[in-house]
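Everything below concerns the one structure shown next.
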Amino acid sequence: MLGEIERHNGTVTVQSRTAYVPQEAWILNASLRDNLVFGSEYDSKRYKKVIDACALKDDLKVLAAGDRTEIGEKGINLSGGQKQRVSLARAVYDQADIYLLDDPLSAVDAHVGKHIFNHVIGHHGMLAGKTRVLVTHGIHWLPLVDNVIVLRDGRVSEQGTYKELLTHDGAFAQFLKDALAHESPESEFIDVKKDKGVQRMKSKLVHRLNSLEAGVPMMDSSDSSEDEIIVDGVKKPKPTIDEIFESIIENQDKEDKEKDTSSEEENDNTADEDGKLIDEEDVEFGNVSWDVYKTYGSKVGWGHFIILMIIFVILLIGRDYKEVWLGYWSEDKLLSNVSLAQTPEYQRATLTYITGFGLLGVTEIITALIHCVYTKVVSLKAADQFHWDLLHNILRAPMSFFDTTPTGRIVTRFSKDVNTVDHLGNNMRGIIGHSHNVVAKIIVICVTTPQVIVILPFIAIAFYIIQRLFMPAALQIRRYCTKSSTPVAVHFTETLTGTESVRAYGAQARFTGVMEKRLETHLKNENFHMWLDAWYSFRIKALASIMVLAISLIVILDKSYSPSMAALFITWSDDFLHRLKFFLHCCISTEKDMVSLERLLEFSAKPQEAAWELAQLQNESEAASAGMSIKPSSDNLNKLDEEREDGAVEWPQSGAVVFDGYKARYRDELDLTLKGVTCAIRCGEKVL
């Protein structure tokens, strides 16, 4: 009927609007009112009527901000029954014509289920006169429905009214017998010891089913004196099953006033006084702290940095001396005389230059390969440690952290941010490589063309001003980009989970609009980021071009430079332009990527719950007394597992649990939820 499964044959015709209540309630990360109204126009009278009918009035009293209380992802601060009632209230408020109810009463308490059936689903409820398709395994609701359709092996086995299906021993009668035979005391929707009407109903139902099995025809109640009871000295017909259930439902209003609705599963009230539950994501301002760089350096290892520098110096010598070698080759007077090409001296000199150039090339290739691989290995090792620290801390975070942190925010840390940190090694290699080139080229240019020293301070000041203007804005835009991507992931996950409900309510356009708005916000930040990069790149290229132009004019106008050396200086100045551009690009990319490391370190420093291992607790206590902070490595945890298997660690032989004045709250700033619980649970006991 919802069109969610593939139809192989036949036709399905659904007229008018539909509302759908799934078996597993789908709750939005929004206020309770927004979950209930679900995009419809707010009508206070209808809203209050729905709240009362779905037994949500008492729940609003215990929520911090009433119906303005923010509900966490997947209804994390609601009980199972509360989520199901909110889902049902959403459908009732929608005022649809057809209601598809997938076992909505399975998650609520018995007296709440009766209240909802009486005030919502039943013949006198808010949905009276609407088409209601109720999927249920509760046999106690069947006498109160208009028509029963029995499914068996995916096909309609039989259908008809409740009375009609009990006239023969079919699949429906067999289902009732199996349900009564396997019914446990905990699953009763009413305590049968306190409700004689239900006892009579069950007795009469069992008698009827046994009669069907024996092949005895059912007698009408008016033909048997056994079907009469005496009330106040007057004989009256014994009530039928339908009449027993009707009396139970009709007395619900009276029972609701007498019963304490606290038997419903307690509300996990983790919202603040203003109703806000989800914490706003923190955004740092200004440049990335040097502590972040120090942390990354300590994870990589300062010794590795020194080794990388040594390797690159060798690489730099091989790379730059090749050009010098070519200069010597081109200016060799012996080789410039072509008439001596057949002489042994000419051939030896040529072989020497070729061999030297080849050795320099091989040296450059080998050192470049070693430098690249070594950088990648140490950077990935550092990224792995950051990932382990993040995972270790998230797995040990208290439940309040998950109550107040959207899943999408955590997912972006483990996906986009971790991926960015994985590639920090590429930027690090670029900085090391291009910094040597830039410094070497500046030194060579200043030595060979001293006239450039006059304009260098002005260019350096211009570079500094542009850098100071660009970096704060670029870092902040990068932070906003990462922050704005989280709502997109959250909304996508939330919508994907409730796709059936979104389509059933015809809310595709609204949810698409929300996604487009969040994507637009994220893409605006991305566009600002690209525009800033373009602004910076244009100005850096302009300054570098001015410097190259100045050097070119100097070496061309100065007659003391030979043509080959002038060409070499111009080539070096042009190469300097490209090296400087890539060096600045790597520096900027590194600082912007450090924002991701900053976000990882933020979640890696979140408060943790109690230690998982006794040895870990002892080590942490000793470290705390010494002013240190430690985290167990995977090797230590594996060692503990091996000791446990070998019997080196003594484990309890029984599973007794004792609570002595136990008090607990969901978060530090909230009131106590458990206020002095004292109990003892012995080994092997089952607690209900």
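Quick caveat, the model's predicted, so the values are computed rather than measured. All residue numbers in this chain count up from 1 along the given sequence.
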Non-neighbouring partners of Lys524 that pass salt bridge (charged side-chain N to carboxylate O under 4.0 Å, His left out), sequence neighbours left out: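 Testing Lys524 for salt bridge (charged side-chain N to carboxylate O under 4.0 Å, His left out), a comparison that skips the adjacent residues, returns Glu520.
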Glu591 with Arg478: basic N within carboxylate O range, under 4.0 Å: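 Salt bridge absent between Glu591 and Arg478.
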State, with a plain yes or no, whether a side-chain heavy atom of [X] is found less than 4.5 Å away from one of [Y].
X	Y	value
Glu494	Asn29	yes
Leu674	Phe659	no
Asp384	Leu380	no
Val595	Glu598	yes
Val421	Leu597	yes
Leu601	Val292	yes
Ile466	Leu543	yes
Asn419	Lys416	no

For the residue pair Tyr293 and Trp290, categorise the inter-ring angle as parallel (less than 30°), tilted (30 to 60°) or perpendicular (more than 60°).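 Ring orientation, 0 to 90° scale: tilted.
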Going from [atom1] on [X] to [atom2] on [Y], what distance comes out if it is rounded to the nearest 0.5 angstrom?
X	Y	atom1	atom2	result
Leu391	Phe386	CG	CZ	15.0 Å
Arg518	Thr486	CZ	OG1	10.5 Å
Asn393	Lys606	CG	NZ	9.5 Å
Gln476	Leu532	CD	CG	11.5 Å
Tyr374	Ile307	OH	CD1	3.5 Å
Ile71	Leu32	CD1	CG	5.0 Å

One pair to check against side-chain contact (heavy atoms from CB on, under 4.5 Å): Thr407 and Thr493. What are the steps and the verdict? CA-CA 9 Å; Thr407 305; Thr493 304; 5.9 Å; no
So Phe492 and Leu519, side-chain contact (heavy atoms from CB on, under 4.5 Å) or not? Walk me through it. CA-CA 11 Å; Phe492 177 77; Leu519 277 174; over 6 Å; no
Can you confirm whether [X] is buried at [atom1], in the sense that more than 12 heavy atoms of other residues, nucleotides or ligands lie under 6.0 Å from that atom?
X	atom1	answer
His387	NE2	yes
Glu24	CD	no
Phe463	CZ	yes

Pairs meeting criterion salt bridge (Lys or Arg N to Asp or Glu O under 4.0 Å) with involvement of residues 525-549, two or more places apart: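 Non-adjacent pairs meeting salt bridge (Lys or Arg N to Asp or Glu O under 4.0 Å): Asp533-Lys592.
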With no hydrogens and no angle check, do the side chains of Asn525 and Ser484 hold a donor and an acceptor under 3.5 Å apart?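 Ser484 and Asn525 do have a side-chain donor-acceptor pair below 3.5 Å.
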Does [X] use its side chain to pair, donor to acceptor, with the backbone of [Y] at less than 3.5 Å?
X	Y	answer
Asn527	Leu523	yes
Asp593	His423	no
Thr405	Phe402	no
Ser379	Lys376	yes

How close do [X] and [Y] get, heavy atom to heavy atom, and via which atoms?
X	Y	result
Val378	Thr375	CG2-O, 3.3 Å
Ser415	Val411	OG-O, 2.6 Å
Val418	Arg413	CG2-O, 3.0 Å
Ile27	Lys83	CD1-O, 3.8 Å
Thr412	Arg599	OG1-NH2, 3.6 Å
Ala30	Asn35	O-ND2, 3.5 Å

Ring pair (Phe, Tyr, Trp, His ring centres under 6.0 Å) contacts touching residues 511-533 (sequence neighbours left out):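 Residue pairs passing ring pair (Phe, Tyr, Trp, His ring centres under 6.0 Å), neighbours aside: Trp26-Phe511, Phe38-Phe511, His491-Phe511, Phe528-Trp531.
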Using the benzene-type ring in the case of Trp, are the ring centres of Phe414 and Phe603 under 6.0 Å apart?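 For Phe414 and Phe603, the ring centres are not under 6.0 Å apart.
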Could you go step by step and tell me if Ile365 and Leu369 meet the side-chain contact (heavy atoms from CB on, under 4.5 Å) rule? CA-CA 6 Å; Ile365 293 173; Leu369 179 62; 5.5 Å; no
Test side-chain contact (heavy atoms from CB on, under 4.5 Å) on Val502 and Arg510; report intermediate values, then the result. CA-CA 9 Å; Val502 172; Arg510 180 162 60 89; over 6 Å; no
